Amino acid sequence: MKLTNENLIKCLKETPPEELVRICRECQKIATYDKIKDDRLKSDPMPVTVFPVPYIVTKDIIKNVTGKLDFFIQALIKLEQHILCDRGGLLYNRLMNSLTPGGRHLVEECNFESDYSLKKRHRRIDGYLDFFTGDFSIIEVNQAAPLAIDFYDVSQRMASHFLNSLGFFYQPVLLAHHILNWFVDEYTYRYPGKFPHNIALVIEHGYLPKFIDLPQMALICEELAREKYGEKLSIKVCFPYEISLSGEKIMFDNHEVDMIWRNSVYMTKYREEGLNIKDYETICHNPDKYLIINATRVWLTRTKEVFSLLSNEECRKEIGLSEEEDRIIKEIVPYSVNLKYETQVTETVIKEKDLWITKPADAGFGKGVEFGAAHSEKSWISIIKERTEQDGFIFQKRVTYPTIRVTDIDDDGHLINHRVEYDFCPHHINGAFTGTALTRTNVLEEKGKVKKMNLVGGGIILPVIGAEACPPLQKYYV
């Protein structure tokens, strides 16, 4: 039977509830993390929720979006290359001023990154894709330490087991082999003919889900290295203060490290506690000498100030975008401004407050986001005044969350419906998109309530499956 939403719903209705309960329980076992042996890291069960019933979309829609995002990535690379040359000083200063002191320190700390590594970076492009129209809008370039990588793979494996148990064949689209190839390609580019046998995965305290997401991905990559390359790969999870230098060698636990997979961030807590991170900071400062992937210069174009620059026609001309890149940027980047520099837009932002949001340039997880629609005119003007008198904030045309209807299964095996708003966040790894995207949802139960789309805030992962010519669901089917 062809894999479509309609055929899947029909199959679910014909399947006995007790059988659906059994399949769902088997899927939940896929989401357990009993392989993580380090007591510092293990947290069981999986800290995020996944809808058991996947949602099917046409492959061409995904292909069209990632094709446009390829142009966006090229524009992002051109911007970074331009601001680092002699002519890009003004734009460089504007981006640096938009960062927090911690963000500026991390950029200044990194004295080099090759164009090869710049193009191969791991980026997650967070945005909204309308499955009906194919329209897409970007809201964030997540490249500081992109997470939900194993959580995404788990959701795909769950979807595969769910569909295969019902008689639909589905091969999951996973990120793990892209991550592994990224490690290997970065290493062999620097050291031709050699393999990275020892990688230090450097993480930081503060966000507990990463203690599962990243270590589990490390275990999967170790297994894949044996299968694909016939090589033994050891990825050790550690903290910045556990990394040291012995001469010119990176060391962890008295063993030499070939490369560092950086997922640390500001490290403020370690400095305050007097922990020794001097050697680790030396490594981060010299990625030309020590191989560190996702070097800390990522903060320079991680800031949302990038959107206000790309929304400015003169800036797009200055960085040398092609006509096609310029057209697509205007199509998929919501119009954004920094009112400190573009004061002529202030009156429009005041008068059309319901159409605008404002957010810190160097923040994530929905922190500091304010919706004009949630404010009175007086309080909105106050926010505008406050955020115009300082660097570090942008105002952006509000993007309406798209909505769909998804099918869920309750504890008794009965089918239920939810109307959800959702995002669509493709991973770009090792120079290419991976074929699908992390999709997070909020269930719409409180009419008119504005939520921020993230897993920390209670979002639920929806496995999205690409299939041939499959229209989205137009109505409730159960």
Side-chain angles (χ1 to χ4, degrees), residues 77 80-81 84 105-123 143-146 149 175-204 210 214-215 217-222 224-225 228-229 231-265 267 276-302 427-432:
I77 291 169
E80 187 160 341
Q81 290 172 329
L84 292 169
H105 171 77
L106 290 168
V107 174
E108 291 166 348
E109 182 180 68
C110 182
N111 69 0
F112 171 84
E113 186 181 18
S114 69
D115 281 347
Y116 180 88
S117 293
L118 169 61
K119 294 170 184 176
K120 298 291 185 176
R121 273 182 197 165
H122 179 190
R123 302 170 173 92
Q143 61 181 12
I149 49 177
L175 299 178
H177 69 279
H178 294 280
I179 297 285
L180 175 62
N181 290 342
W182 177 41
F183 297 158
V184 174
D185 289 354
E186 281 275 10
Y187 194 77
T188 55
Y189 177 79
R190 181 81 64 98
Y191 307 108
K194 295 185 177 182
F195 188 88
H197 291 285
N198 297 290
I199 298 175
L201 164 53
V202 184
I203 63 175
E204 184 175 349
K210 77 168 63 171
L214 295 173
M217 178 57 73
L219 290 174
I220 298 296
C221 286
E222 290 176 346
L224 284 175
K228 182 173 182 178
Y229 294 99
E231 297 279 2
K232 182 179 179 181
L233 172 63
S234 175
I235 304 178
K236 298 297 184 183
V237 181
C238 54
F239 300 104
Y241 52 82
E242 295 177 317
I243 292 291
S244 63
L245 286 170
S246 177
E248 294 188 357
K249 295 179 179 179
I250 304 174
M251 306 295 292
F252 167 67
D253 196 25
N254 295 319
H255 291 88
E256 186 176 354
V257 172
D258 294 322
M259 63 190 291
I260 284 179
W261 178 18
R262 183 203 60 78
N263 282 275
S264 60
V265 189
M267 301 181 289
N276 187 359
I277 59 174
K278 182 178 178 181
D279 282 356
Y280 181 67
E281 290 196 298
T282 297
I283 294 165
C284 291
H285 186 65
N286 297 281
D288 54 336
K289 188 174 183 180
Y290 307 102
L291 182 50
I292 175 169
I293 55 175
N294 265 18
T296 57
R297 204 178 77 190
V298 300
W299 261 261
L300 193 53
T301 51
R302 176 243 191 188
H427 284 269
H428 189 268
I429 305 171
N430 201 27

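The shown structure was predicted, so the numbers you read here are calculated from the model rather than taken from an experiment.
- Not a single side-chain contact (heavy atoms from CB on, under 4.5 Å) links N254 to another residue, sequence neighbours left out.
- The side chain to side chain donor-acceptor pair (under 3.5 Å) search around E113 returns R121, not counting sequence neighbours.
- Side-chain atoms of S244 and F252, non-hydrogen and from C-beta on, never get closer than 4.5 Å to each other.
- The two residues N181 and Y229 have their closest heavy-atom pair at OD1-OH, 2.9 Å.
- Expressed to the nearest 0.5 Å, how far CG of L201 lies from CZ of R262 amounts to 11.0 Å.
- For K120, the side-chain contact (heavy atoms from CB on, under 4.5 Å) partners at least two apart in sequence or on another chain are Y116, W182, E186, N430.
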Problem set entry | Residue pair L245, M251: steps toward the side chain to side chain contact (heavy atoms under 4.5 Å, CB included) verdict | CA-CA 6 Å; L245 286 170; M251 306 295 292; over 6 Å; no
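- The structure places CG of L84 at 6.0 Å from CG of L300, a figure rounded to the nearest 0.5 Å.
- Between V202 and N263 the shortest side-chain heavy-atom distance does not fall below 4.5 Å.
- Closest non-hydrogen pair, K210 versus P215, comes out as O-CD, 3.1 Å.
- Between I243 and A200, the shortest heavy-atom distance links the atoms CD1-CB, 4.0 Å.
- Remark: K289 pairs with E248 by the salt bridge (Lys or Arg N to Asp or Glu O under 4.0 Å) rule, at least two apart or across chains.
- Side chains of F195 and L233 form a contact here, defined as non-hydrogen atoms less than 4.5 Å apart.
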Under 3.5 Å donor-acceptor pairs involving side-chain atoms of residues 291-299, not counting sequence neighbours:
unit_1	atom_1	unit_2	atom_2	d
N294	OD1	H122	N	3.2
T296	OG1	L106	O	2.7
R297	NE	E80	OE2	2.9
R297	NH2	E80	OE2	3.2
W299	NE1	Y266	OH	3.2

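- Contact detail for W261 and M217: the closest heavy-atom pair is CH2-CG, 4.2 Å.
- Side-chain atoms of Y189 and S114 form no donor-acceptor pair, as typed in the model, at a separation below 3.5 Å.
- Between R302 and Q143 the shortest heavy-atom distance is N-NE2, 3.4 Å.
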For this session: Kindly determine whether H197 and E256 satisfy side-chain hydrogen bond (donor to acceptor under 3.5 Å, both in side chains), including the steps that lead there.
Result: CA-CA 10 Å; H197 291 285; E256 186 176 354; over 6 Å; no
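- When side chains are defined from C-beta on, Y191 does not count as touching D258, because their heavy atoms never get closer than 4.5 Å.
- Between H178 and H427 the shortest side-chain heavy-atom distance does not fall below 4.5 Å.
- Counting only distance, with no hydrogens or angles, the side chain of E231 and the backbone of A225 share no donor-acceptor pair below 3.5 Å.
- The shortest distance between side-chain heavy atoms of C221 and I235 falls below 4.5 Å.
- For the atom pair CG of D185 and CD1 of I429, the computed distance is 12.5 Å after rounding to the nearest 0.5 Å.
- Atom NZ of K249 has 12 or fewer heavy atoms from other residues, nucleotides or ligands within 6.0 Å.
- N111 pairs by the side-chain contact (heavy atoms from CB on, under 4.5 Å) definition with H285, N286, P287, D288, not counting sequence neighbours.
- Side-chain contact check for I283 versus I250: some heavy-atom pair is nearer than 4.5 Å.
- Looking at heavy atoms from C-beta onward, Y290 lies out of side-chain contact with I260 at the 4.5 angstrom threshold.
- In terms of modelled atom types and a separation under 3.5 Å, the side chain of N276 and the main chain of K278 share a donor-acceptor contact.
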